[in-house]
Undergrad: 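Take a look at this one; I'll ask things after.
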Amino acid sequence: MLDINFIRDNVDIIKDAARKKHSKVDIDRLVQLDDERKQKLGVVESLRAEQNTASRAVATASNNTEREQLISEMKLLKEDLQAREDELKKIMGDWREIMLQVPNVPDMSVPEGKTDEDNQEFKVWGEKPQFDFEPKDHIELMEDLDMVDFTRGTKVHGFRGYFLKNDGALLSFAIWQYAMDFFTKKGLSPMLPPAIVRKSNLYGTGHLPNEADDIYQTQDDDYLAGTAEVPTMGYYADEVLTAEQLDNAKFLSFSPCYRREAGSHGKDIKGLIRVHEFYKLEQVILCEASHEKSVEYHEQLNRNTEEFIESLNIPYHTVINCAGDLGQGQVKKYDIELWVPREETYREISSASYFHDFQTRRFNIRYKDESGKMRFAHSLNSTAIPTPRVLVSMMENFQNADGSVTIPEVLRKYMGGRERIEK
RNA sequence: GGAGAGAUGGCAGAGUGGUCGAAUGCACCAGUCUUGAAAACUGGAGUAUCGCAAGGUACCGUGGGUUCGAAUCCCACUCUCUCCGCCA
């Protein structure tokens, strides 16, 4: 949600943002509705003022005759007021609907483009492995090592179902544990949030109204969050944060993530790249309403994840997302993608974005700044690490000719000191 | 699942139809006192919105309704708490 006055003052910028993000929102219509809103509001407010004055007169009237007369006059005014209020209500309904569609403005540094294919690589790290044997893909590797069972996964869950088992399960726990240790050292507070959330949280983060198809819903009209960003952002909804709370609003949230993948039925139909249910550690930060702070934290969050991947020694690159690949509320986003040898491509494992006050405005998360003014905080989030997707690269990059897989050094202490996963 | 109580400003908490946008306390800001601080005292201060301003309007969980007038009465919904039941 943007400030309507900001929109009015920057119509061209907003229209350009909508164009870049391929949003069909009609800004001219919004401005027109806002004009009507203001006009009607003026009328309603002056009628209300009249009513309030008259009410006071009724209350202090010296005798009943005077009172009766005032009251009968007020009845007429009341009808007029009610009609006007209905008109205003209707306009406000349309106004709100469009306001929820208005996208946040991408940063100047965000390149134009339509899809993830237009994202621009700006950093490459690590040595891609050279194999002197025919490398296997993660599916074959993991099935051979009895780490995963897709057949029974689909039997139990259906399309995109999977079981992680034995070292597949152990390795997942190792990654979570190691990530917990690694990211909490960066000053984030560990959190286990609910994954079942009320609708308002998804409006808050900006996943609704536009991504409804991709979200699981319960029979109680609750939703299954696709990321811990959703409940973690909701944590401080409708609160005014103290300076201390705002300073410490740096979270590392671990949760299951549920995604219907409604728009991607033909894509990545095998393996662990695209699944309906996975686990993820997510970094979420609230900070003071300063663009510079947002930028600083954004770089930091992204760097945290890069460092984590570097500590695992997996080759990756980082891309800056083009405007067309940004979510409605996002100002700027980096994706970190890991090298997948068999596909000879990089696959996304992390997204780091900042939102300015787009989300906090919807969540109503405020604080008092030094001058005592109420302000909406800024929000940011970034993947710390998703499992099982990270296993795909880990398996393929570290495989050996005999079909075993070398465990990254930093994970060994969580795997009973073992160096390899083997039969 | 059953029974009951409740939701008011940053927090706590009064207020059951008419100058109530709302007492009081705490917290906050400024001043007095003090070498400084604390305490005490004095004063200030809700948020949003319209307006150059004076000032207007809205906001007492949410949405409706009754009324000339609603924090206050009625209806629905949401949430919280207590007790019972069930359950990991």
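All values derive from a computational prediction rather than experimental measurement. A note on names: the letters A, B, ... follow the listed sequences, proteins ahead of strands, and every chain is numbered from 1.
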Undergrad: Answer with yes or no whether the side chains of A/His276 and A/Tyr216 bring together a donor and an acceptor at under 3.5 Å.
TA: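 Yes, side-chain donor-acceptor contact under 3.5 Å.
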
Undergrad: Say you pick atom P in B/U42 and the same atom in B/C26; how far apart are they, in whole Å?
TA: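 Rounded to whole Å, the distance is 12 Å.
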
Undergrad: Consider only side-chain N and O atoms of A/Gln359 and A/Ser379, and report whether a donor and an acceptor are under 3.5 Å apart.
TA: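 Checked: A/Gln359/A/Ser379 side chains pair up, N/O donor to acceptor below 3.5 Å.
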
Undergrad: Rounding to an integer number of Å, can you tell me how far A/Glu85 CD sits from B/G64 C1'?
TA: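 Checked: the CD to C1' distance equals 13 Å.
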
Undergrad: Are A/Ser350 and A/Tyr316 linked by a side-chain donor-acceptor pair shorter than 3.5 Å?
TA: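 No, because no side-chain N or O of A/Ser350 sits under 3.5 Å from a partner of the opposite role on A/Tyr316.
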
Undergrad: Work out how far the C1' atom of B/A70 is from that of B/U19, and round it to whole angstrom.
TA: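 Going atom to atom, C1' in each nucleotide, I get 15 Å.
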
Undergrad: Specify whether A/Phe254 and A/Tyr279 have parallel, tilted or perpendicular ring planes, treating 30° as the upper limit for parallel and 60° as the lower limit for perpendicular.
TA: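 Ring orientation of A/Phe254 relative to A/Tyr279: parallel.
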
Undergrad: Between B/U78, B/G10, B/C50, spot the one nearest the side chain of A/Lys38, thanks.
TA: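 Among B/U78, B/G10, B/C50, the one nearest the side chain of A/Lys38 is B/C50.
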
Undergrad: Which base, if any, makes a Watson-Crick or G-U wobble pair with B/A7, both distances under 3.5 Å?
TA: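 Partner of B/A7: B/U78.
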
Undergrad: Report the residue (A/Ile71 or A/Arg366) whose heavy-atom-nearest nucleotide on RNA chain B is the more 5′ of the two.
TA: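 The 5'-side residue here is A/Arg366.
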
Undergrad: Ignoring the backbone of A/Val240, work out which of B/C68, B/G10, B/U57 is nearest its side chain.
TA: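 Shortest atom-to-atom distance from the side chain points to B/G10.
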
Undergrad: Contact class for A/Ala54 (heavy atom, under 4.0 Å): base, sugar-phosphate, or nothing?
TA: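 Nothing, no heavy atom under 4.0 Å.
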
Undergrad: Are A/Phe363 and A/Phe376 near enough that their ring centres are under 6.0 Å apart?
TA: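 No - the distance between ring centres of A/Phe363 and A/Phe376 does not fall below the 6.0 Å cut-off.
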
Undergrad: Closer than 4.0 angstrom, basic N to acidic O: yes or no for A/Asp86 and A/Lys90?
TA: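 Salt bridge between A/Asp86 and A/Lys90, a charged N being under 4.0 Å from a carboxylate O: no.
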
Undergrad: For A/Arg198 and B/C79, give me the distance from atom CZ to atom C1', rounded to whole Å.
TA: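 The answer, rounded to whole Å, is 7 Å.
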
Undergrad: Checking all strands, does A/Lys75 fall into the base, sugar-phosphate, or nothing category for heavy-atom contacts under 4.0 angstrom?
TA: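 Sugar-phosphate: the residue A/Lys75, judged by heavy atoms under 4.0 Å, touches backbone atoms but no base.
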
Undergrad: Would you mind pulling out the nucleotide paired to B/A70, Watson-Crick or G-U wobble, both distances under 3.5 Å?
TA: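 None - no nucleotide pairs with B/A70, as no candidate has both distances under 3.5 Å.
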
Undergrad: Atom NZ of A/Lys40 and atom C1' of B/C50: how far apart are they, to the nearest Å?
TA: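 Answer to the nearest Å: 17 Å.
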
Undergrad: If you assign A/Leu70 and A/Ser46 each to the RNA chain B nucleotide with the nearest heavy atom, which residue ends up on the more 5' nucleotide?
TA: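 Result of the comparison: A/Ser46.
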
Undergrad: Heavy atoms from C-beta onward define the side chain here; which of B/G18, B/U49, B/U19 lies closest to that of A/Asn5?
TA: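 When the side chain of A/Asn5 is considered, B/U49 is the closest of B/G18, B/U49, B/U19.
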
Undergrad: Using whole Å, report how far CD of A/Glu68 lies from C1' of B/U67.
TA: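 The distance from CD of A/Glu68 to C1' of B/U67 comes to 13 Å, rounded to the nearest Å.
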
Undergrad: Taking the C1' atom of each, how far is B/A71 from B/G61, in whole Å?
TA: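 These two C1' atoms come out 12 Å apart once rounded.
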
Undergrad: Using atom P of each nucleotide, how far apart are B/C68 and B/G63 to the nearest Å?
TA: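 Each nucleotide's P atom is 23 Å from the other's.
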
Undergrad: Please give the nucleotide sitting opposite B/A58 as a Watson-Crick or G-U wobble pair, both distances under 3.5 Å, or none.
TA: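 Paired with B/A58, as far as the under-3.5 Å criterion goes, is B/U47.
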
Undergrad: Is B/C87 paired to anything, Watson-Crick or G-U wobble with both distances less than 3.5 Å, and if yes, which nucleotide?
TA: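 Base partner found: none.
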
Undergrad: Rounding to the closest angstrom, what is the interatomic distance between B/G13 and B/G65 at atom C1'?
TA: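 The answer is 30 Å between these two C1' atoms.
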
Undergrad: Suppose we define a pair by two distances each less than 3.5 Å, Watson-Crick or G-U wobble; what does B/A38 pair with here?
TA: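 Paired with no nucleotide.
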
Undergrad: Describe the nucleic acid contact of A/Lys199 in one word from base, sugar-phosphate, nothing, applying a heavy-atom distance below 4.0 Å.
TA: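 A/Lys199: no heavy atom of the nucleic acid under 4.0 Å.
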
Undergrad: Provide, to the nearest angstrom, the distance between the CD atom belonging to A/Glu79 and the C1' atom belonging to B/C68.
TA: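 Nearest whole value for this atom pair: 12 Å.
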
Undergrad: Starting at atom CZ of A/Arg48, determine the distance to atom C1' of B/A58, rounded to an integer number of angstrom.
TA: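 Going from A/Arg48 (CZ) to B/A58 (C1'), I get 7 Å.
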
Undergrad: Go ahead and name the base partner of B/G17; Watson-Crick or wobble counts if both distances stay under 3.5 Å, otherwise write none.
TA: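 Base partner found: none.
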
Undergrad: Has A/Asn52 got a side-chain N or O lying under 4.0 Å from the OP1 or OP2 atom of B/A58?
TA: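 For B/A58, OP1 or OP2 has a side-chain N or O of A/Asn52 closer than 4.0 Å.
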
Undergrad: Checking all strands, does A/Glu239 fall into the base, sugar-phosphate, or nothing category for heavy-atom contacts under 4.0 angstrom?
TA: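 Touches nothing.
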
Undergrad: What is the separation between atom CZ on A/Arg8 and atom C1' on B/C50, rounded to the nearest whole Å?
TA: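 The distance from CZ of A/Arg8 to C1' of B/C50 comes to 12 Å, rounded to the nearest Å.
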
Undergrad: For atom C1', what is the distance between B/U8 and B/A22, given to the nearest Å?
TA: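 Pairwise C1' distance, B/U8 against B/A22, rounds to 9 Å.
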
Undergrad: Is the shortest heavy-atom distance from the side chain of A/Leu171 to the side chain of A/Met395 under 4.5 Å?
TA: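 Sidechains of A/Met395 and A/Leu171: in contact.
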
Undergrad: Please report, rounded to the nearest Å, how far the P atom of B/G63 is from the CE atom of A/Met92.
TA: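 About 11 Å, once rounded to whole Å.
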
Undergrad: Taking N and O atoms by type only, does the side chain of A/Glu45 place a donor or acceptor under 3.5 Å from a partner on the base of B/G56?
TA: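 Present.
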
Undergrad: Counting only side-chain N and O atoms of A/Asn364, is one of them less than 4.0 Å from OP1 or OP2 of B/U47?
TA: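 No.
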
Undergrad: In whole Å, what separates the P atom of B/C50 from that of B/C33?
TA: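 Between the two P atoms, the distance is 43 Å.
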
Undergrad: Using the C1' atom on both, measure B/G9 against B/A23 and round to a whole Å.
TA: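 Approximately 13 Å lies between the C1' atom of B/G9 and that of B/A23.
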
Undergrad: Distance only, no hydrogens: is a donor on one side chain within 3.5 Å (strictly under) of an acceptor on the other, for A/Lys280 and A/Thr227?
TA: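 There is such a pair (donor and acceptor under 3.5 Å, judged by atom type) between the side chains of A/Lys280 and A/Thr227.
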
